[in-house]
There are 2 protein chains.
Amino acid sequence: MLRAKFKLWLNSRHVEGAFGDGKWRLLKAIDGENSLKVASETLGISYRKAWGDLKKAQEALNVTLVEKQRGGRLGGQTVLTEHGKKWVKAYARFRGDVEKAVDKAYERHIGGLIG
Amino acid sequence: MLRAKFKLWLNSRHVEGAFGDGKWRLLKAIDGENSLKVASETLGISYRKAWGDLKKAQEALNVTLVEKQRGGRLGGQTVLTEHGKKWVKAYARFRGDVEKAVDKAYERHIGGLIG
DNA sequence: AATCGTTATGTCCATCCCGACATATCGACA
DNA sequence: TGTCGATATGTCGGGATGGACATAACGATT
């Protein structure tokens, strides 16, 4: 009947939305596909947006999350760096903890209001 | 350098954003002013939006949060009902718990990545 | 050196949300 | 019964965000 929802993200000094669920999902998809193009298709977002998000995250965090390569018979590829993999795992734990806390807090404080 | 941010809200069966930070702040302001108009001015939002938010919350939660009155020398007034006051308090605790959890999870999982 | 599929990037357009206006309505009180 | 200030609603325009297109650039492989 009522559900608690949340959005979670990180701001850097000058960038709103430096990292968040969308970019996290993007990195995960890239890790599985080794391709920015395929990753964007898997997620159902435009390549244009995926590319922009990736660029934004890297610039804002000042970390190289992926290794990009152009050319060749296969056209190119995009793979996660070690830093990128660390970010995926760290954010997953971060988000997981928050999600649990939201559910618990909901039960504790809101659930009683409507039961 | 990096800051964790979050948005929190409640969805009802058919309504996205039935209740959240904005509507919570609105109820708090109404409680202090006993006026929807003054509350909206205090918050720096349009009366139109405040009115719409209030209506949306009440319809979505199916709870009477405020008692509205029109007419009279003072024009009218809007005061919180007991249910409204309970919601303000409950959401405050809900939000407070989540905020603490976000900070803690950030320290635990993200802080180390950039220290 | 010609190819080919991916990465790289600019730009215009649809859409959603909010702010700004514009009015209508109400009704206790003087 | 007229007044007055707040509540009640419709609507239009502007800013932000993402999608749809369009096109350039790249370079390992053949």
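A, B, ... follow the sequence lines: proteins, then strands. Residue 1 opens every chain.
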Residue from V98(B), L8(B), V102(B) passing side chain to side chain contact (heavy atoms under 4.5 Å, CB included) with F6(A): L8(B)
Nucleotide dT1(D), atom P - distance to CZ of R73(B) in whole Å: 18 Å
Gap separating the CG atom of L43(A) from the CD atom of E33(A), nearest 0.5 angstrom: 9.0 Å
Between P of dG5(D) and CG of N34(B), the distance in whole Å: 19 Å
Rounded interatomic separation in angstrom, taking CD from Q77(B) and C1' from dA8(D): 16 Å
Nearest-nucleotide 5' precedence on DNA chain C, S46(B) against R48(A): R48(A)
Length of the CH2-C1' vector between W51(B) and dC17(C), whole Å: 16 Å
Euclidean distance, L2(B) CG relative to L10(A) CG, rounded to 0.5 Å: 5.5 Å
L36(B) side chain, from C-beta outward: closest of dT9(C), dA8(D), dT30(D): dA8(D)
Those residues of residues 54-72 of chain A lying under 4.0 Å from DNA chain D by at least one heavy atom: R70(A), G71(A), G72(A)
Check ion pair D53(A)-K49(A) (N to O, under 4.0 angstrom): yes
From NE2 (H83(A)) to CG (L61(A)), nearest 0.5 Å: 11.0 Å
Gap between atoms OH and C1', on Y47(B) and dG5(D) respectively (whole Å): 11 Å
K37(B) side-chain N/O to dT7(D) phosphate OP1/OP2 under 4.0 Å: no
Between C1' of dC18(C) and NZ of K23(B), the distance in whole Å: 12 Å
Ion pair check, E82(A) and K86(A), cut-off under 4.0 Å: no
side-chain N/O T78(B) vs dA6(D) OP1/OP2, d < 4.0 Å: no
Value in whole Å for how far the P atom of dG19(C) lies from CG of L43(B): 11 Å
Length of the CG-P vector between L74(B) and dA28(C), whole Å: 12 Å
Side-chain donor/acceptor of Y106(A) to backbone N/O of F94(B), under 3.5 Å: no
Nearest listed nucleotide, side chain of I45(B), among dT6(C), dG19(C), dT29(D): dG19(C)
